[in-house]
Amino acid sequence: MATLTVDQARRIAVAAQGFYERKPRGPVTRTHLRRLISRIQVLQLDSVSVAVRAHYAPVFSRLGPYDRDVLDRAAWSHSARSPRLLVEYWAHEAALMAVDDWPLLRWRMREYTHGRWGTEIVRKNPKLAEDIVAAVAELGPSTAGQIEAHLEAEPRGRKGPWWDRSETKWVAEALWSSGTLTTATRVGFARHYDLTERVLPSEVVAREVDDEEAIRELTLRAATALGIGTEADIRDYFRLAAKQVKPALAKLVADGELEPVDVAGVPAYLRAGQRVPSRDRGTALLCPFDPLVFFRPRVQRWFDFHYRIEIYTPAHKRQYGYYVWPFLLDGRLVARVDLKRADAALQVLGAFTEEGQDPARVARALAVELETMASWLGADGVEVADRGDLAGPLRAALTSC
């Protein structure tokens, strides 16, 4: 069995995620986006919009400033000239993935016949499910509220958070999870459901993939996107179970697609043909749901970076902030910044260097990335609060930009 150092594993991980590639010199196109998705597979969706929504950020981190309409059109519109490129489903968590890959998750759709959560509500409302499908067939792309109004399923009124959804919303979500409905478009991030066969190409809807073959393909794609990963790392990418992944890994090793390796005593799998970079590269701000960092144990193990999202931590107990972005500099996670887009500025509410890093060097590089990000978001500039050891050096670096 081959052995690798942690530094080598980290370089492989960064390179596999596209950070060794040159950013486009001109406008980012649909072709750039297609290539990126083929590499990283998923863009996780999240409702939090403090600086920018999560699915937009990984594209910016790898390709630089781009027109977000390119991603919006790829995900939520369709025309003969520009067919839909992406579709939403439970790939990792709720995420955008390639339309052509939708059949690889049919086994999950069958598992979620009654939804992922609130299954008891769905089971006791089979007639409501039928009515919702009929309503969508009649209405076309519709929000849960529009469907509910059409059905007059219950009195209209204020709706609470997700755990207080109307039964219509629960059942519509279950139908989405089962693959009966999908997302036709989003307006203000509100999902508009439509019949899957009206949104996806007929050949995609008709394609059947054997469950074992689908799991092997997802396992291989996860391993390729990671470059190198432990079994747990690979399982997490598409949220697969151990009983699914173990036989898939064994077959992929036997077929020569993956190579077992040892990384400082940790057993892992290397994508066959994956080059081991000789030096560190890659500089970018990473949102909390970036595929490079969304599996926290891997970040701790190979980047020596302890990272937890603190959205649900009471403000007075947060160590770093509400929505903290790790900063990748020359292939290493060297700092973190708590970002917020407000009052026509990109606000840095806190800035912190990792132990052993040179604050002045980090600040200079981070200032460039923040200025680029602010311009991309249409902000007038970057404002830095006083919190964190990097705040002063960063403010100075921004002044000299």
Side-chain angles (χ1 to χ4, degrees), residues 5-24 36 39-40 51-52 57-65 226-228 276-296 298-309 319-321 323-339 346-377 382 384-385 387-401:
T5 66
V6 171
D7 282 346
Q8 287 174 317
R10 177 175 44 75
R11 289 174 191 145
I12 291 169
V14 174
Q17 282 282 310
F19 291 105
Y20 274 50
E21 303 293 325
R22 291 184 181 274
K23 295 176 180 177
L36 178 60
R39 178 189 288 271
I40 67 173
V52 63
V59 182
F60 166 75
S61 298
R62 290 157 180 79
L63 301 182
L226 293 169
I228 186 170
V276 181
S278 59
R279 63 188 182 93
D280 289 310
R281 289 178 56 187
T283 296
L285 282 160
L286 307 173
C287 86
F289 303 107
D290 191 286
L292 184 66
V293 298
F294 60 32
F295 191 49
R296 314 305 190 207
R298 184 171 187 255
V299 178
Q300 179 77 59
R301 185 193 323 119
W302 286 342
F303 289 83
D304 192 25
F305 190 84
H306 181 77
Y307 183 47
R308 298 291 185 273
I309 192 165
Q319 182 178 6
Y320 295 109
Y323 202 73
V324 174
W325 297 55
F327 180 48
L328 182 75
L329 175 59
D330 294 334
R332 297 174 183 268
L333 295 174
V334 299
R336 60 191 90 200
V337 285
D338 184 17
L339 297 182
L346 180 61
Q347 297 178 346
V348 181
L349 305 180
F352 310 83
T353 49
E354 291 296 287
E355 184 177 352
Q357 297 297 324
D358 175 7
R361 171 180 173 268
V362 171
R364 287 193 295 271
L366 179 57
V368 173
E369 295 299 314
L370 288 169
E371 289 279 16
T372 302
M373 184 177 184
S375 176
W376 173 56
L377 296 177
V382 182
V384 183
R387 190 164 179 264
D389 66 295
L390 188 57
L394 179 58
R395 194 179 297 110
L398 286 164
T399 300
S400 62
C401 275

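The analysis underlying the following values was restricted to heavy atoms, covering all of them including side chains, and did not include hydrogens, waters or symmetry mates.
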Cation-pi check, Arg336 to Tyr320: give yes when NZ or CZ is under 6.0 Å from the six-membered ring centre and within 45° of the ring axis, no otherwise.
yes

For Thr372, does its backbone N or O pair with a side-chain atom of Ser375 as donor and acceptor, under 3.5 Å?
no

Heavy-atom closest pair, residues Val52 and Ala57
CG1-CB, 4.4 Å

Might you point out which heavy atoms bring Ala284 and Phe19 nearest each other, and give the distance in Å?
CB-CE2, 3.7 Å

Shortest non-hydrogen contact from Val384 toward Ala391:
CG1-O, 3.7 Å

Tell me the salt bridge (Lys or Arg N to Asp or Glu O under 4.0 Å) pairs involving residues 362-375, sequence neighbours left out?
none

Passes side chain to side chain contact (heavy atoms under 4.5 Å, CB included), Phe303 versus Leu292? Steps please.
CA-CA 10 Å; Phe303 289 83; Leu292 184 66; 4.1 Å; yes

A side-chain contact here means heavy atoms from C-beta on lying under 4.5 Å apart; do Asp338 and Gln347 qualify?
no

Any salt bridge linking Asp280 with Arg10? Criterion: basic side-chain nitrogen under 4.0 Å from a carboxylate oxygen.
yes

Qualifying residues under side chain to side chain contact (heavy atoms under 4.5 Å, CB included), relative to Pro326, sequence neighbours excluded:
Leu286, Phe305, Tyr307, Leu333

Output the distance between atom CG (Leu377) and atom CZ (Phe60), rounded to the nearest 0.5 Å.
7.0 Å

Closest non-hydrogen contact found for Trp325 with Ala51 is CZ2-CB, 4.1 Å

Taking NZ, NE, NH1 and NH2 as the nitrogens, is one of them in Arg279 or Asp7 under 4.0 Å from a carboxylate oxygen of the other?
no

Which residue pairs pass the ring-ring contact (aromatic ring centres under 6.0 Å, His included) test with at least one member in residues 354-374, sequence neighbours excluded?
none

Kindly indicate, with the supporting measurements, whether the criterion side chain to side chain contact (heavy atoms under 4.5 Å, CB included) is fulfilled by Val14 and Arg332.
CA-CA 9 Å; Val14 174; Arg332 297 174 183 268; over 6 Å; no

Positive for side-chain contact (heavy atoms from CB on, under 4.5 Å) with Arg62, one of Glu21, Arg39, Gln17, Lys23:
Gln17

Quick one: closest heavy-atom pair of Ala363 and Ala397, and the distance?
O-CB, 3.6 Å

Does some side-chain heavy atom of Pro24 sit less than 4.5 Å from a side-chain heavy atom of Leu63?
yes

Between CG of Leu339 and CG of Leu349, what distance do you get to the nearest 0.5 Å?
7.5 Å

Looking only at atom types and distance, does a side-chain atom of Asp389 sit under 3.5 Å from a main-chain N or O of Thr353, one as donor and one as acceptor?
yes

Let me confirm one number: the CG-OG distance from Leu36 to Ser61, rounded to the nearest 0.5 Å.
10.0 Å

Which atom names give the shortest non-hydrogen contact between Leu370 and Leu346, and what distance separates them?
O-CD2, 3.8 Å

Check: Leu390 and Leu366 side chains under 4.5 Å, non-hydrogen atoms:
yes

Less than 4.5 Å apart, any side-chain heavy atom of Val324 and any of Phe352?
no

Using atom types as modelled and distance alone, determine if a side-chain donor or acceptor of Gln8 lies under 3.5 Å from a backbone N or O of Thr5.
yes

Using 0.5 Å steps for rounding, measure from the CD atom of Glu355 to the CG atom of Asp304.
9.0 Å

With rounding to the nearest 0.5 Å, note down the distance linking CG in Leu226 to CD1 in Ile40.
11.5 Å

Gap separating the CD1 atom of Ile228 from the CZ atom of Arg11, nearest 0.5 angstrom
12.5 Å

Are Val337 and Phe327 close enough, and set up right, to give a side chain to side chain contact (heavy atoms under 4.5 Å, CB included), and what steps lead you there?
CA-CA 7 Å; Val337 285; Phe327 180 48; 5.7 Å; no

Evaluate Leu328 against Thr283 for side chain to side chain contact (heavy atoms under 4.5 Å, CB included), listing each step before the verdict.
CA-CA 5 Å; Leu328 182 75; Thr283 296; over 6 Å; no

